[in-house]
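Keep in mind it's a predicted model, so treat the numbers as computed, not measured.
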Amino acid sequence: MKLKNKTILITGASRGIGYQTAYEVAKEGANVIINYNNSIKQAKELEQLLKKEFDTKTLLVKADIKNEQEIIEMVNNSIKHFQKIDVLINNAAICKDTTFEDKTKENFMEILETNLVGTFLVSKHVSHHMLKEKSGKIINIASTNATYSYYPESLDYDASKAGIISLTHNLALHLSPYITVNAVSPGWTKTDMNKELSKEQIEKEEEKILLKRFAQPQEIAKVITFLSSDDANYINNQIINVDGGEKYE
């Protein structure tokens with residue numbers, strides 16, 4: 001896999017799929033820009049792990065992707081440090097499940113601003129530099145919740161991920177032919193986002209999956225890593241489901 005000396009920016013890299021993706025791309029020789037917002041302890045632990053195991057060149061950058069000025073500073077610092085960003089992985093996201101009746105406008109907007117608007121803003125400012133190089137890849141993390149596994153308790157999250165799919169197609173069109181834009185849509189995955197699920201709910205959801213289990217974060221990360229590599233140079237404008245063969249009606 002061709003990732004040696006590539007510089008990859010991963011938003012929300014301190015936990016879950018982002019953490020595992022940082023590990024996988026570092027293993028393949030990439031430089032890693034580790035973005036975090038609140039989880040500084042985990043981000044520092046990740047940085048030390050990558051340096052110890054792979055002698056990876058890293059940059060730790062704090063930025064709230066709801067804040068455009070912080071995004072601009074993150075991107076500028078990254079370019080100053082590495083001179084380029086070859087791959088952007090828009091992974092940062094939040095989910096706050098509540099009943100439909102309990103959801104407020106403020107709750108809904110927080111999800112949209114983080115998951116969807118944040119993805120747009122980071123893509124905008126990173127692609128500006130990629131276009132100068134006439135080269136780059138953007139990989140957005142969507143969700144099967146955007147297309148067929150709907151949950152009213154997560155309707156704000158689902159809507160944000162559906163928006164990411166639309167954004168992916170539009171960015172692929174606008175940024176062609178120099179930048180490829182794809183999205184990975186994970187199904188149920190064993191991350192902190194799903195740690196509060198009851199045993200009964202997990203068993204119910206596993207019955208809908210042909211492989212009868214949730215994904216491990218590294219199984220999603222390996223797909224993202226492949227898309228980041230030169231081996232995927234001709235893959236563009238695609239939404240790739242990684243869901244274990246989820247059955248849906």
**Message:** Tell me if the NZ atom of Lys190 is crowded by more than 12 foreign heavy atoms within 6.0 Å.
**Reply:**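 For Lys190, atom NZ is not crowded (no more than 12 foreign heavy atoms under 6.0 Å).
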
**Prompt:** With a cut-off of 6.0 Å (strictly less than), are more than 12 heavy atoms of other residues, nucleotides or ligands near NZ of Lys103?
**Reply:**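 Atom NZ in Lys103 is crowded, with more than 12 foreign heavy atoms closer than 6.0 Å.
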
**Message:** Using the rule given for side chain to side chain contact (heavy atoms under 4.5 Å, CB included), can you reason through Asn140 versus Ile138, listing the C-alpha separation, both sets of side-chain angles and the distance that settles it, and then say yes or no?
**Reply:** CA-CA 6 Å; Asn140 298 323; Ile138 296 175; 3.6 Å; yes

Say whether [X] and [Y] are linked into one hydrophobic cluster, either directly or through other cluster members, by side-chain heavy-atom distances under 4.5 angstrom.
X	Y	result
Ile141	Leu88	no
Ile94	Leu112	no
Met130	Leu59	yes
Leu9	Ile40	no
Tyr19	Ile33	no

Measure the [atom1]-[atom2] distance between [X] and [Y] for me, rounded to the nearest 0.5 Å.
X	Y	atom1	atom2	value
Ser228	Leu3	OG	CG	6.0 Å
Gln20	Lys222	CD	NZ	9.0 Å
Asp97	Ser154	CG	OG	3.0 Å
Gln48	Glu45	CD	CD	9.5 Å
His174	Ser127	NE2	OG	7.0 Å
Ile89	Ile10	CD1	CD1	4.5 Å

Under a 3.5 Å threshold, yes or no: a donor from one side chain and an acceptor from the other, between [X] and [Y]?
X	Y	answer
Asn236	Thr180	no
Asn91	Thr21	no
Thr119	Asn90	no
Tyr23	Glu53	yes
Lys137	Asn233	yes

**Request:** Under the side-chain hydrogen bond (donor to acceptor under 3.5 Å, both in side chains) rule, what do Tyr178 and Glu133 come out as? Steps first, then yes or no, please.
**Result:** CA-CA 9 Å; Tyr178 302 116; Glu133 301 294 326; over 6 Å; no

Is [Y] close to [X] at the side-chain level, that is, under 4.5 Å between some pair of heavy atoms?
X	Y	answer
Ile164	Lys161	yes
Leu121	Ile65	no
Lys124	Glu68	yes
Gln69	Glu73	yes
Leu175	Val181	yes
Thr98	Glu153	no

**Message:** Test side chain to side chain contact (heavy atoms under 4.5 Å, CB included) on Ile8 and Val32; report intermediate values, then the result.
**Reply:** CA-CA 5 Å; Ile8 300 181; Val32 184; 5.5 Å; no

Do any N or O atoms from the side chain of [X] and from the backbone of [Y] form a donor-acceptor pair under 3.5 angstrom?
X	Y	result
Asn67	Asp64	no
Thr11	Ala92	yes
Ser198	Gln201	yes
Ser229	Asp231	yes

[X] to [Y] - nearest heavy-atom pair and separation:
X	Y	answer
Ala93	Asn115	CA-OD1, 3.2 Å
Ala172	Asn237	CB-OD1, 3.5 Å
Ala13	Ile34	CB-CG2, 3.8 Å
Gln238	Asn182	N-OD1, 2.9 Å
Ile111	Cys95	CD1-CA, 4.1 Å
Ala221	Glu24	CB-CG, 3.9 Å

**Message:** My understanding is that only residues two or more places apart in sequence, or in another chain, count here; which of them pass ring-ring contact (aromatic ring centres under 6.0 Å, His included) with Tyr151?
**Reply:**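 Applying ring-ring contact (aromatic ring centres under 6.0 Å, His included) to Tyr151 gives Trp188.
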
**Message:** Clusters formed by hydrophobic residues whose side-chain heavy atoms approach within less than 4.5 Å: which one holds Ile165, and what are its other members?
**Reply:**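 Via sub-4.5 Å side-chain contacts, Ile165 links to Ile239.
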
With the threshold set at 4.0 Å, does a side-chain nitrogen-carboxylate oxygen contact exist between [X] and [Y]?
X	Y	answer
Lys44	Glu47	no
Glu219	Arg213	yes
Glu113	Lys66	no
Lys204	Glu200	no
Asp156	Lys96	no
Lys4	Glu28	no

**Request:** For Tyr36 and Lys62, run side chain to side chain contact (heavy atoms under 4.5 Å, CB included): C-alpha distance rounded to whole Å, both residues' side-chain angles, the deciding distance at 0.1 Å, then the answer.
**Result:** CA-CA 5 Å; Tyr36 69 96; Lys62 184 184 186 305; 3.5 Å; yes

**Prompt:** Can Thr147 and Ser185 be said to form a side chain to side chain contact (heavy atoms under 4.5 Å, CB included), step by step?
**Reply:** CA-CA 9 Å; Thr147 47; Ser185 281; 5.5 Å; no

**Request:** Quickly, which of Ile224, Thr189, Ile220, Thr144 forms a side-chain contact (heavy atoms from CB on, under 4.5 Å) with Val242? Name it, please.
**Result:**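 For Val242, the side-chain contact (heavy atoms from CB on, under 4.5 Å) check succeeds only for Ile220.
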
